Amino acid sequence: MSKPEPLTHDVIVVGAGLAGSWAAMIASQQGVKDVAVLSKIHPLRSHSGAAQGGIAAALGNTRPVPSTGAEGPLEQVPDGSEPSDSLESHIFDTIKGSDWLGDQDAIEIMINDAPRVIYEYEHLGCVFSRTPDGRVNQRRFGGHSAPRACFAADWTGHVLLHTIHEQALRHGVKFYSEWYCMDLIVEDNICRGVVALNILTGEIHTIRAKAVMFGTGGYGRAYKITSNAHANTGDGVAIAYNAGVPLMDMEFVQFHPTGLYKHGILMSEACRGEGGYLVNSQGERFMERYAKAKMELAPRDLVSRSEQQEINEGRGGEADRDAIYLDLRHLGREKILQRLPQVRELAIDFVGTDPIDKLVPIQPTAHYSMGGIPCDASGQVIADAQGTPVVGFYAAGECACISVHGANRLGTNSLLDASVFGRRAGFAIAEFVKGGAQLHPIAGDPAERNRQRVRSRMENPGKESIDKIADALKTTMTINCGVFRDGGKLQIALQDIQRLEERFAHAPIRDKSSRFNTDVLNALETEHLLSFSAVIVAGAIARTECRGAHWRTDHPARDDQNWLKHTLAQRQGEGEPPKLDYKPVNINYEKYPPQERKY
């Protein structure tokens with residue numbers, strides 16, 4: 001492969017979803033002259049655009065006072081909006097949803113910023129659905145005590161992403177479309193840039209920068225049934241881990257209750273927010289057994305477990321009895337076409353069922369990553385349990401763990417998380433760069449090391465199949481580290497991953513070409529999947545309790561005495577399991593002391 005000259009930018013953002021695009025836009029808007037975004041797919045195909053149902057904010061009685069800074073005052077103004085909503089209610093719902101593992105200081109920041117961010121979206125041109133009197137419309141979502149999901153039919157992520165992308169372009173941000181980040185350059189705890197593959201040409205570049213921000217999304221592709229796009233292979237999480245950054249709370253993986261049967265493609269929670277039912281093969285609305293007060297609008301972890309329990313006890317549907325059903329028929333044709341047009345198209349296209357007049361078969365699907373790269377509320381990446389920063393390295397969105405979602409994320413808080421903390425990271429990066437950040441020298445040739453990494457796999461004489469290894473990983477993660485977990489199954493998953501890593505060492509890249517070599521991408525992605533899947537399982541084995549989305553049937557209770565703490569996993573030598581460390585959860589025991597989580 002050719003050896004191009006290193007590239008240089010003041011700021012490199014990896015990932016063009018909402019978190020990355022917000023950070024890039026704000027940094028540029030604040031006067032950083034040279035901001036670039038790397039995206040392994042076209043920026044507008046970033047997974048943020050797949051979000052359907054809404055973005056949360058307590059708009060019922062809150063209006064932001066105009067401000068030009070990162071922070072501005074808020075005032076409470078009763079305005080006749082939805083009753084009984086408040087910032088305080090949104091904060092408590094999020095803490096409760098997190099099963100008290102969320103850091104409460106970060107949660108308060110996110111919820112207090114939410115109304116400001118919604119109105120900023122609106123002023124930038126985002127087309128929200130409206131109430132009859134012209135206000136931003138809001139719908140109910142699981143675990144929320146009031147209607148606070150601001151939405152644009154069921155295309156919410158799509159319209160938010162387009163809005164911020166065009167603003168980033170307006171402010172002069174440069175986009176590298178179809179460039180794949182392979183490596184993070186960290187020396188002496190200072191981030192100095194990245195190594196990236198130009199997918200079109202096959203050239204591998206060192207890209208130096210004063211600051212690097214990861215907005216690389218989640219890692220749902222570690223599972224066989226998932227709502228995640230094919231691009232969501234956890235690259236940023238694995239790259240940071242391989243560079244010596246610990247990973248936090250990786251054992252917490254959310255399963256969404258309404259993935260299309262066999263496909264996992266998302267039927268938005270908006271379906272239930274608009275009044276949809278969940279029924280078993282006997283036609284029962286079974287959620288009355290599990291969450292009588294909230295029914296279908298209980299938090300996702302609880303609903304997914306309820307569905308899986310119905311399936312396990314023989315009340316599932318379809319030929320293999322592995323499906324539950326989503327019933328929208330009572331909503332009527334007009335409401336479905338107005339509020340849920342996309343989910344109707346998906347049901348028709350992928351399972352041949354029109355929800356206007358038929359039940360839609362669904363099942364729990366791997367959906368969201370609560371864990372990731374540990375950061376503070378400004379996106380600054382943290383290197384250890386003592387809070388040491390990795391200088392010049394930032395993260396936000398699903399690849400980051402701040403932690404506002406704790407053990408379980410509430411629906412519509414993800415777009416909010418990506419927007420709020422992407423925005424805040426942008427201000428922090430601008431302050432860092434304009435405050436005299438240096439372009440630090442780089443030892444050796446990291447691009448050449450990564451060229452050799454690809455060459456050695458192309459020259460590998462082994463006969464193993466990368467595709468079969470990836471499929472086997474996804475199968476064991478789904479069966480042994482899924483909605484319900486126990487120590488025996490988790491040990492099987494860990495042993496499977498170890499054997500797959502051994503097999504992967506003998507798996508060659510068969511396509512030897514340079515231009516648009518998808519075999520190279522597949523090999524790199526599979527390597528990343530194996531890397532962080534071992535962390536998920538190791539953390540799950542150690543955590544002998546039930547909390548949020550982590551449900552150990554052999555330890556069927558929450559254990560605050562021993563496990564009210566965050567997991568930190570540090571990479572060890574080749575073939576060794578991660579070293580696990582822990583740090584306390586930030587809890588305001590006077591305002592929000594831990595309590596039993598009931599719905």
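These figures come from a predicted structure and were not determined experimentally. Atom set for the values below is all heavy atoms of this structure, side chains included, hydrogens, waters and symmetry mates excluded.
- Here the side chain of N189 pairs a donor or acceptor atom with the backbone of P389 at under 3.5 angstrom.
- Between M182 and Y180, some side-chain heavy-atom pair lies under the 4.5 Å cut-off.
- Between Y368 and H405, the ring-plane angle classifies as perpendicular under the 30° and 60° cut-offs.
- Under a 3.5 Å cut-off, the side chain of S369 and the backbone N or O of G371 do not form any donor-acceptor pair.
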Acceptor/donor pairs from residues 161-173 side chains to any protein atom, 3.5 angstrom cut, sequence neighbours excluded:
from, atom 1, to, atom 2, distance (Å)
T163, OG1, V159, O, 2.7
Q167, OE1, R170, NH1, 3.0

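- In this structure, the side chains of D581 and P246 stay at 4.5 Å or more apart for every pair of heavy atoms.
- Across S46 and P43, no two heavy atoms sit closer than the pair OG-O, 2.7 Å.
- Applying the salt bridge (charged side-chain N to carboxylate O under 4.0 Å, His left out) test to K579 and every residue at least two apart in sequence or in another chain returns nothing.
- Between the S378 side chain and the A425 main chain, no donor and acceptor come within less than 3.5 Å of each other.
- Between L184 and C191 the shortest side-chain heavy-atom distance falls below 4.5 Å.
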Open item on the list: Is there a side-chain hydrogen bond (donor to acceptor under 3.5 Å, both in side chains) between Y394 and D376? Walk through the geometry before answering.
Closed with: CA-CA 9 Å; Y394 300 81; D376 67 16; over 6 Å; no
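- For R485, there are no salt bridge (charged side-chain N to carboxylate O under 4.0 Å, His left out) partners two or more places apart in sequence or in a different chain.
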TODO: Evaluate the side chain to side chain contact (heavy atoms under 4.5 Å, CB included) criterion for residues L524 and T526: first the C-alpha distance (whole Å), next the side-chain angles of each, then the deciding distance (0.1 Å), finally the verdict.
DONE: CA-CA 6 Å; L524 295 170; T526 301; over 6 Å; no
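- Counting only distance, with no hydrogens or angles, the side chain of D249 and the backbone of G406 share no donor-acceptor pair below 3.5 Å.
- Checked by atom type and distance alone, the side chain of T226 never pairs as donor or acceptor with a backbone atom of Y223 at under 3.5 Å.
- Minimum heavy-atom separation, V14 to C181: CG1-CB, 3.7 Å.
- In this structure, E574 places its CD atom where only 12 or fewer heavy-atom neighbours from other residues, nucleotides or ligands lie under 6.0 Å away.
- Here the CD1-OG distance, from I55 to S419, works out to 4.0 Å after rounding to the nearest 0.5 Å.
- Side-chain atoms of D519 come within 3.5 Å of backbone atoms of D511 as a donor-acceptor pair (strictly under, hydrogens ignored).
- Of the inter-residue distances, the one linking L568 atom CG with I382 atom CD1 reads 10.5 Å to the nearest 0.5 angstrom.
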TODO: Go through R453 and E527 one step at a time and tell me if the salt bridge (Lys or Arg N to Asp or Glu O under 4.0 Å) criterion holds.
DONE: CA-CA 12 Å; R453 175 183 171 194; E527 187 175 13; 3.2 Å; yes
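- Checking Y219 against D235 by side-chain atom types alone, no donor-acceptor pair falls below 3.5 Å.
- Note: D10 CG to K33 NZ = 10.5 Å, rounded to the nearest 0.5 Å.
- A donor-acceptor contact under 3.5 angstrom links the side chains of Q254 and N408, judged on distance only.
- Interatomic distance, CG of L18 versus CZ of R423, reported as 13.5 Å (0.5 Å rounding).
- Atom CG of N198 is separated from atom OH of Y176 by 10.0 Å, given to the nearest 0.5 angstrom.
- For the pair K565 and Y582, the cation sits on the ring face: its NZ or CZ lies under 6.0 Å from the ring centre, inside 45° of the axis.
- Across all non-hydrogen atoms, the minimal contact from V32 to A430 is CG2-CA, 3.7 Å.
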Task: Pair D496-R503, salt bridge (Lys or Arg N to Asp or Glu O under 4.0 Å): steps then yes or no - done: CA-CA 10 Å; D496 286 346; R503 288 175 56 188; over 6 Å; no
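- Remark: E448 engages R451 in a salt bridge, criterion side-chain N to carboxylate O under 4.0 Å.
- Taking the six-membered ring where the residue is Trp, H367 and H256 present perpendicular rings, their angle passing 60° and hence far from 30°.
- Residues V537 and M250 have side chains not in contact (no heavy-atom distance under 4.5 Å, counting atoms from C-beta outward).
- Counting only heavy atoms from C-beta outward, the side chains of W179 and I199 never approach each other to under 4.5 Å.
- With a 6.0 Å cutoff to the six-membered ring centre and a 45° limit on the axis angle, K434 does not count as a cation-pi contact of F432.
- Side-chain contact between L200 and R515 is present, with at least one heavy-atom pair separated by less than 4.5 Å.
- To the nearest 0.5 Å, atom SG of residue C481 and atom CD1 of residue I497 are 7.5 Å apart.
- Between the side chain of D384 and the main chain of T388, a donor-acceptor pair closer than 3.5 Å is present.
- Looking at S304, its side chain does come within 3.5 Å of a backbone N or O of F255 through a donor-acceptor pair.
- N242 has its side chain within reach of S531: a pair of non-hydrogen atoms, C-beta onward, lies under 4.5 Å apart.
- Taking the side chain as every heavy atom from C-beta outward, L529 and K474 approach each other to under 4.5 Å.
- When only modelled atom types and interatomic distance are considered, T258 and E269 share no side-chain donor-acceptor pair under 3.5 Å.
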TODO: Tell me, with the steps shown, if R552 and T544 meet side-chain hydrogen bond (donor to acceptor under 3.5 Å, both in side chains).
DONE: CA-CA 7 Å; R552 288 285 296 266; T544 51; over 6 Å; no
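- A donor-acceptor pair under 3.5 Å is absent between the side-chain atoms of E398 and the main chain of T216, judged by distance alone.
- Side-chain atoms of Q342 come within 3.5 Å of backbone N or O of D154 as a donor-acceptor pair.
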TODO: Kindly indicate, with the supporting measurements, whether the criterion side chain to side chain contact (heavy atoms under 4.5 Å, CB included) is fulfilled by L521 and L197.
DONE: CA-CA 9 Å; L521 296 181; L197 167 70; 4.0 Å; yes
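- When all heavy atoms of V35 and A27 are compared, the closest pair comes out as CG2-CB, 4.2 Å.
- Applying the 6.0 Å contact sphere to NZ of K468 captures no more than 12 heavy atoms from other residues, nucleotides or ligands.
- Using modelled atom types, one finds a donor on one side chain and an acceptor on the other under 3.5 Å when comparing R455 with Q452.
- Here the closest heavy-atom approach between residue L266 and residue Q52 is recorded as O-NE2, 3.3 Å.
- Residues F421 and A377 come closest through the heavy atom pair CD2-O, 3.3 Å.
- The cationic group of R192 does not satisfy the cation-pi geometry with F393, failing either the under 6.0 Å distance to the six-membered ring centre or the 45° limit from the ring axis.
- For the pair E178 and K40, the salt-bridge criterion is not met [side-chain N within less than 4.0 Å of a carboxylate O].
- One finds no salt bridge joining D34 and K210 here, because no Lys/Arg side-chain nitrogen approaches an Asp/Glu carboxylate oxygen to under 4.0 Å.
- By the 4.0 Å N-to-carboxylate-O rule, K224 lies close enough to D471 to be salt-bridged with it.
- No more than 12 heavy atoms of other residues, nucleotides or ligands sit less than 6.0 Å from atom CD of E431.
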